[in-house]
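Structure, as structure tokens:
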Amino acid sequence: MGLFSRFTEGLQKSRESFREDVNLLLNRAPKVDEEFWDGLEEALIMSDMGGYSASTIVDKLRNEAVRKGYRDARDVLAALNDQIAGEFVDGGDAILGEDGIVLFVGVNGSGKTTTVGKIAKQAKDAGRTVILGSGDTFRAAAIEQLEVWAERADVEIVARERGSDPASVCYETIERGEQVGANLVLIDTAGRLHTSADLMRELEKVVNVVRKRANMPVRLVLVIDATTGQNGLQQAREFNGALDLDGVIITKLDGTAKGGIAVAVAHYLKLPIVKLGVGEQLDDLKDFDAKEYAAALIGDFGTE
Amino acid sequence: MFDNLQDQLQEVFDDLKGKGRLSEADISVAMRRVRMALLEADVSFKVVKSFVTKATARCMEADVLESLTPAQNVIKVVLDELTSLLGESESKLELAPNKQPNVIMLVGLQGSGKTTAAAKLAYLLKREGHNPLLIACDVYRPAAADQLETLGGEIGVRVYRSDEKDPVAIAKAGIRDAIDNLKDVCIVDTAGRLHVDEDMMAEAESIKAAVDPDEVLMVVDAMTGQDVVNVVETFSERVEFDGVIMSKMDGDARGGGALSVREATGKPIKFISSGEKPDSLEVFHPDRMARRILGMGDVVSLIESAVKVQQEEEEAEATERLRKMDLNLNDFLDMNRQIRKMGGVGKLISALPGGDRMMSQGQVDEHALDRMEVIINSMTKQEREKPDIINGSRRARIAAGAGVTVTAVNQLLKQYSETRKQVKKMMSQYSDMSNNSGRGRGKKGKKGGKKRRGPRMGMPGLGGMSMADIKKIQEMME
Ligand SMILES: Nc1nc2c(ncn2[C@@H]2O[C@H](COP(=O)(O)OP(=O)(O)OP(=O)(O)O)[C@@H](O)[C@H]2O)c(=O)[nH]1
Ligand SMILES: [Mg+2]
């Protein structure tokens, strides 16, 4: 399946299920009444936007609806769409678009390694010189996993045996990158919970080493699974606090999870979204578009 | 992990506590905040909705509203409902005793922690004396089998893997491998899959059909948000799992999903997995989990009064039992044992006001209880249950058996019959009081609970002391 169709399919799923909700809502309550607002709040909560955010957004929209005299639910939903899209910040494209060293961090199983593989492929296809660094020296077979991705993407990888110091693997990767004239260095790191002080400290050390050694910009990207609930915000806060993140990637958007937590992360931490993961294959990577993301979350009613 | 939920609930209860009587409006304000706290904890929208409806209705009942300590009662209602959502009891692995090998199959979304959980489960079973085999059926994720093999090597458990591309064939071959190698449990690790991926869900069904598992466990990430309901419902329909392993519980995700899973599928949570080390898989205890929600902090002190009410109810129940049964010598023996568990009469008396003085003046015979026990031990079962039948000849026999004089036996029986009388008298007082229990309890609460409602039970050699006193002392000593 091609890149575009796969994503549209993923989007379609979210959009359809939301549309079902809202269609139901539209049929049930063509007028903008109490039931409509309750239904809207429910739909927003179901997207993992969070109870507080959902009720804040609904309150704001209600005021706007009164002020602007919206009578049709479609007007409200169009305004909602704009509002959500407006939460996202720009700057995500530069993070992978420009030359540099990018480290991928996040909790266990969020999709870091897979994402590194997909990005490597995309950059390689774009004619760039890419090198991978296997900074996860902790998890069993993490190195082998990234090696497979390097092979699939046809890029070079620097890896040491399991248990070796991740900082020195990064150091060597940068060194090797310089030798081969790489303009994109992608470093996978071990998954860790943001609550583990030791592992967070270890990561800070790795990042410091990379920042010292690098002669290209160093960027840090947090990978968050779209199924994550409100804890996603906590993850982003902690990783951002420790490492000063540059952006976020949301993965697993090919499921039914809507990834509403991205809205909260963008709102509170002003971090741009770099890419979206929409499957397990090499090409299942999608550029982020605020309008599109908002549309996938809430459905595209204003224009249809 | 429930820290934040705890904070938020605490705030709600703090507010309530500041009030004397509650109006219906107070309760609905509190419930709105409970709702928000649960939503922020990722409890699924529908579960929250029904929870809040139930809890609100319960709180609006007269006995809560009109009670003079309504805040505590509201808290208690919320906590009770939360606890019951988590499941009433622990659910263990159910393996077939006579089947060789038993098969456990793990399923779940990508990245939920199946492979790690498989190894942990193998480690747990191995420690319990089983001889497990791990079967690597994830043919999709790069190096998945390597990961399982490495983990298996670390915990000394054999791993079956194959270059075969079909997970069903691998699973079957794995079971054969288990039989050949005399393994008694197989753990089938499967690829992570999305519940909406038709091919992959069909594959999971095929694997299940092929290995005929005794237990299918679904691994659910504690950080999962609202989607958890869609996910577990579909998995439940397609592969009908028997229970859930909640993973990544060492994080600070509030884990509201734990509440949703049960409500959505009726399936119990069997294990919690909290860490990357093989020994971090524990049986899920709903009560512990509930206590974790309540937290060790101030919420506990807030609910203390609520719990006290409950304790008193339990006590009343025990008393009622006693009243019905009448006090016999077995009860007498029980009391004695309870006292000994608390460190003996000496320690018990010392802990009471003025107790030290009594002890130093030699007013307390620390070994009286031990002698009593020896005497009661040489009675027949019938004699203990119906002490009235103990006539002269029986007394002589008992004295001989216990190596004491008949006088000592007589003394014991006299003490017993006095205690029984005392208890009976208290029982009648107690049942008078409990006839107007609702208001009575409230008044007591307002007056600061100085006046004891509970019965005073005659402890051998100890005068009147209630079970509550004993409990209090026990707490002090622990
Ligand atoms: N459906 C779907 N699955 C994904 C996506 N991205 C990753 N996965 C799957 O999620 C699982 C975990 O992905 P990994 O890339 O190993 O995640 P990780 O963050 O590197 O994991 P650790 O290194 O163990 O912390 C794998 O089974 C991936 O195939 C996605 O966008 N969609
Ligand atoms: Mg990884």
Side-chain angles (χ1 to χ4, degrees), chain A residues 10 13 17 41-43 45-52 54-55 107-111 113-114 117 138-149 151-152 162 190-196 199 225-232 234-235 238 251-252 254-261 279-280, chain B residues 1 4 35-46 48-49 109-116 119 140-154 191-192 194-197 221-231 234 247-248 250-257 275-276:
Chain A
K13 269 176 218 145
S17 64
E41 192 194 43
E42 171 175 352
I45 288 169
M46 293 305 290
S47 82
D48 283 321
M49 212 170 271
Y52 287 122
S55 73
V107 298
N108 311 80
S110 63
T113 308
T114 309
F138 178 75
R139 208 207 66 198
I143 296 162
E144 290 84 341
Q145 187 186 356
L146 191 67
E147 276 169 350
V148 172
W149 282 108
E151 205 177 299
R152 287 180 182 173
R162 186 171 172 224
R192 70 201 72 220
L193 293 183
H194 52 289
T195 47
S196 162
L199 295 180
D225 179 333
T227 55
T228 313
Q230 299 313 296
N231 191 244
Q234 200 57 27
Q235 290 168 23
E238 295 292 330
T251 62
K252 309 188 195 175
D254 46 329
T256 51
K258 293 173 180 139
I261 194 62
E280 298 184 85
Chain B
M1 65 181 255
N4 225 328
R35 170 179 181 269
M36 204 53 98
L38 294 175
L39 285 175
E40 291 297 303
D42 293 323
V43 181
S44 109
F45 181 85
K46 289 194 178 72
V48 172
K49 203 168 166 181
L109 293 177
Q110 292 97 339
S112 56
K114 288 173 298 305
T115 306
T116 312
Y140 306 101
R141 211 203 66 195
D146 294 339
Q147 185 187 355
L148 194 64
E149 193 167 31
T150 307
L151 294 175
E154 283 169 4
L194 282 174
H195 54 299
V196 288
D197 188 329
D221 186 329
M223 302 184 290
T224 317
Q226 296 289 329
D227 204 38
V228 74
V229 173
N230 294 331
V231 175
T234 313
S247 67
K248 306 182 199 171
D250 46 332
D252 61 353
R254 291 168 237 165
E276 297 185 74

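These numbers come from a predicted model, not from an experiment. Chain identifiers are assigned alphabetically (A, B, ...) following the order of the sequence lines, protein sequences preceding nucleic acid strands; residue numbering begins at 1 within each chain. Any value given below was found using the heavy atoms of this structure, including those in side chains, with hydrogens, waters and symmetry copies removed.
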> Looking at Met36(B) and Tyr52(A), what are the two nearest heavy atoms and their distance?
Replying inline: CG-CE2, 3.2 Å

>> Counting neighbours of CD on Glu151(A) that are heavy atoms of other residues, nucleotides or ligands and sit closer than 6.0 Å, is the number greater than 12?
In response: no

> What are the two closest non-hydrogen atoms of Gln226(B) and Asp48(A), and how far apart are they?
Replying inline: N-OD1, 2.7 Å

>> So for Leu194(B), is it side chain, backbone, both, or neither that comes closer than 4.5 Å to the heavy atoms of chain A?
In response: side chain

>> Can you give me the closest heavy-atom contact between Thr227(A) and Leu109(B), atom names plus distance?
In response: CG2-CD1, 4.1 Å

>> Testing the basics here: between Tyr140(B) and Arg152(A), what is the closest heavy-atom pair and its distance to 0.1 Å?
In response: O-NH2, 4.2 Å

> Does any non-hydrogen side-chain atom of Thr150(B) lie less than 4.5 Å from one of Arg162(A)?
Replying inline: yes

>> Checking Glu144(A) now: which residues fulfil salt bridge (Lys or Arg N to Asp or Glu O under 4.0 Å) with it, not counting sequence neighbours?
In response: none

>> Tell me every residue that passes salt bridge (Lys or Arg N to Asp or Glu O under 4.0 Å) with Asp42(B), counting only those two or more places apart in sequence or in another chain.
In response: none

> Between Asn108(A), Thr113(A), Thr114(A), which has the largest tally of heavy atom pairs under 4.5 Å with chain B?
Replying inline: Asn108(A)

> Minimum heavy-atom separation for Ala141(A) to Ala143(B), with atom names?
Replying inline: CB-O, 3.4 Å

>> Looking at every heavy atom in both Leu39(B) and Gln230(A), which two are closest together, and how far apart are they?
In response: O-CG, 4.2 Å

>> Run Glu276(B) and Leu199(A) through side-chain contact (heavy atoms from CB on, under 4.5 Å) and show every step you take.
In response: CA-CA 12 Å; Glu276(B) 297 185 74; Leu199(A) 295 180; 4.2 Å; yes

> Given that the side chain runs from C-beta out, which part of Gln110(B) has a heavy atom under 4.5 Å from chain A: side chain, backbone, both or neither?
Replying inline: both

> Distance from Glu42(A) atom CD to Phe45(B) atom CZ, nearest 0.5 Å?
Replying inline: 4.0 Å

> OG1/Thr256(A) to NE2/His195(B) distance, rounded to the nearest 0.5 angstrom?
Replying inline: 2.5 Å

> Which region of Glu41(A), side chain (C-beta onward) or backbone (N, CA, C, O), has a non-hydrogen atom less than 4.5 Å from a non-hydrogen atom of chain B, or is it both or neither?
Replying inline: side chain

> Is there a donor-acceptor pair closer than 3.5 Å between any side-chain N or O of Gln145(A) and the backbone N or O of Arg141(B)?
Replying inline: no

> Leu148(B) versus chain A, heavy atoms under 4.5 Å apart: side chain, backbone, both or neither?
Replying inline: neither

> For Ser110(A), is it the side chain, the backbone, both, or neither that has a heavy atom closer than 4.5 Å to a heavy atom of chain B?
Replying inline: neither

> Contact part of Gln235(A) toward chain B, heavy-atom cut-off under 4.5 Å: side chain, backbone, both or neither?
Replying inline: side chain

